Protein chains: 2
Amino acid sequence: MAIFSKTCEYAIRAVLYIAHKSALGKRVGIKDIAAGIDSPELYLAKILQDLSRKGIISSVKGPNGGFYIENGSLSKPISDIVEAVDGNALFYGCALGLKQCSEIQPCPLHDQFKAIRDQIKDLLFTTTIGAFNQELLAGMLALKK
Amino acid sequence: MAIFSKTCEYAIRAVLYIAHKSALGKRVGIKDIAAGIDSPELYLAKILQDLSRKGIISSVKGPNGGFYIENGSLSKPISDIVEAVDGNALFYGCALGLKQCSEIQPCPLHDQFKAIRDQIKDLLFTTTIGAFNQELLAGMLALKK
DNA sequence: ACATTAAAGGACAAGAATATCTTTTATTAT
DNA sequence: ATAATAAAAGATATTCTTGTCCTTTAATGT
Ligand code: FES
Ligand code: FES
């Protein structure tokens with residue numbers, strides 16, 4: 001098992017793709033994005049519809065339409081995407097699936113896992129959607145397989 | 001999404017349950033285990049069959065039969081269970097689902113994620129199945145919801 | 001030997017995640 | 001106004017995960 005669902009992996013890659021194109025004032029169509037991140041086009045369309053409804057990305061229909069990200073949204077954390085798609089189990093859930101993670105009745109992995117989980121939170125809560133724009137434009141980071 | 005599959009959560013909880021009972025020389029039946037870790041009995045039976053085939057736990061049929069763990073196996077790492085059930089994507093896979101995690105064509109989260117992934121590996125590779133036996137016997141750790 | 005017990009094995013069912021297809025709605029350019 | 005474009009929406013298909021049921025096999029005690 002990976003750390004994110006496949007849907008969430010597509011979502012993050014797509015949002016980062018849109019973000020760096022969007023920083024240039026360009027809107028991008030679903031075909032472009034799907035090709036850019038190597039994902040099934042029609043499935044990705046569903047995911048982006050959802051992110052659009054949730055206000056993480058924006059879109060316009062019609063000619064020259066497409067997806068884009070408000071400048072203000074570039075400073076939103078990656079965790080917003082994760083939470084929208086996978087929920088917050090990764091941030092607050094018990095590693096071993098107990099109903100709730102608790103200090104009082106901890107599971108065997110609790111102490112060590114909590115430290116790791118805090119770092120995952122830290123990574124996702126403090127890294128913004130726009131953080132990689134330069135490196136993405138420079139081609140130093142990959143979004144496709 | 002949680003960090004382990006539900007199947008893997010059941011597997012780890014069950015193995016730890018068997019381990020601490022087993023340290024007392026007791027074998028435990030599937031009913032006992034399922035009640036002890038709060039899991040669907042028949043599904044758990046399938047999971048334990050699999051772990052038994054893979055040599056992580058042992059079993060005997062018939063009266064006074066049940067599951068147990070060889071003393072030697074108590075020193076096996078938890079990662080053996082995870083790998084048997086969820087594979088090794090968590091240890092070696094790319095956070096964003098790229099075909100392979102690479103230093104040369106890293107995904108945006110690579111640098112930071114690698115550090116976290118290394119800690120997950122460290123936790124699971126160095127923590128043994130038997131490590132929690134005392135605390136489990138003392139009732140200081142929980143395995144059920 | 002025989003009956004009883006408990007896991008192993010195979011088949012099936014329900015649900016969720018992933019993926020595709022078709023129609024509708026909004027926007028733009030002519 | 002009209003035609004063309006592109007996302008939204010709704011419906012359906014496929015695959016994987018999770019869960020259950022039923023029969024078989026192996027071990028034990030009498
Ligand atoms: S109780 Fe399991 S991680 Fe906290
Ligand atoms: S390339 Fe994505 S985690 Fe290494």
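Note that the coordinates shown come from a computational prediction; the quantities given were computed from them, not determined experimentally. The chains referred to below are lettered A, B, ... by the order of the sequence lines, with proteins before strands, and numbering in each begins at 1.
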Please check: side-chain N/O of [X] versus main-chain N/O of [Y], any donor-acceptor pairing under 3.5 Å?
X: A:R13; Y: A:L143; result: yes
X: B:R117; Y: B:G93; result: yes
X: B:D80; Y: B:I56; result: no
X: B:S5; Y: B:D86; result: no

Spacing between [X] atom [atom1] and [N] atom [atom2], to the nearest angstrom:
X: B:L48; N: C:dG9; atom1: CG; atom2: P; value: 13 Å
X: A:I33; N: D:dA6; atom1: CD1; atom2: C1'; value: 11 Å
X: B:I30; N: C:dT5; atom1: CD1; atom2: P; value: 18 Å
X: A:K31; N: D:dT5; atom1: NZ; atom2: C1'; value: 11 Å
X: A:I57; N: D:dA7; atom1: CD1; atom2: P; value: 10 Å
X: B:D32; N: C:dA6; atom1: CG; atom2: C1'; value: 13 Å
X: A:R13; N: C:dT18; atom1: CZ; atom2: P; value: 13 Å
X: A:D50; N: C:dA17; atom1: CG; atom2: C1'; value: 14 Å

Axis bend over the full length of the helix from C:dA1-D:dT30 to C:dT30-D:dA1, computed from five pairs that close each end, to 10 degrees: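 Angle reported: 10°, given to the nearest ten degrees.
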Exercise: identify the closest heavy-atom pair between A:S79 and A:F91: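 Heavy-atom minimum between the residues: CB-CZ, 3.9 Å.
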B:A14 to B:L48 - nearest heavy-atom pair and separation: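 Smallest interatomic distance, heavy atoms only, reads CB-CD2, 4.0 Å.
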Derivation and outcome, side-chain contact (heavy atoms from CB on, under 4.5 Å), residues B:Y92 and B:Q100: CA-CA 8 Å; B:Y92 305 111; B:Q100 71 162 12; over 6 Å; no
Trace of the side-chain contact (heavy atoms from CB on, under 4.5 Å) decision for B:I81 with B:L124: CA-CA 9 Å; B:I81 307 169; B:L124 298 173; over 6 Å; no
B:S59 side chain near C:dA8 phosphate (N/O to OP1/OP2, under 4.0 Å):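 True: B:S59 side-chain N/O within range (under 4.0 Å) of C:dA8 OP1/OP2.
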Below 4.0 Å: OP1/OP2 of C:dA7 and any side-chain N or O of B:S52: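 No, no such contact exists.
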Contact state string [nucleotides 17-30 of chain D, B base, S sugar-phosphate only, - no protein heavy atom under 4.0 Å]: -BBBB---BBBBS-
Worked check of side-chain contact (heavy atoms from CB on, under 4.5 Å) between A:F132 and A:T127: CA-CA 9 Å; A:F132 307 103; A:T127 307; 3.5 Å; yes
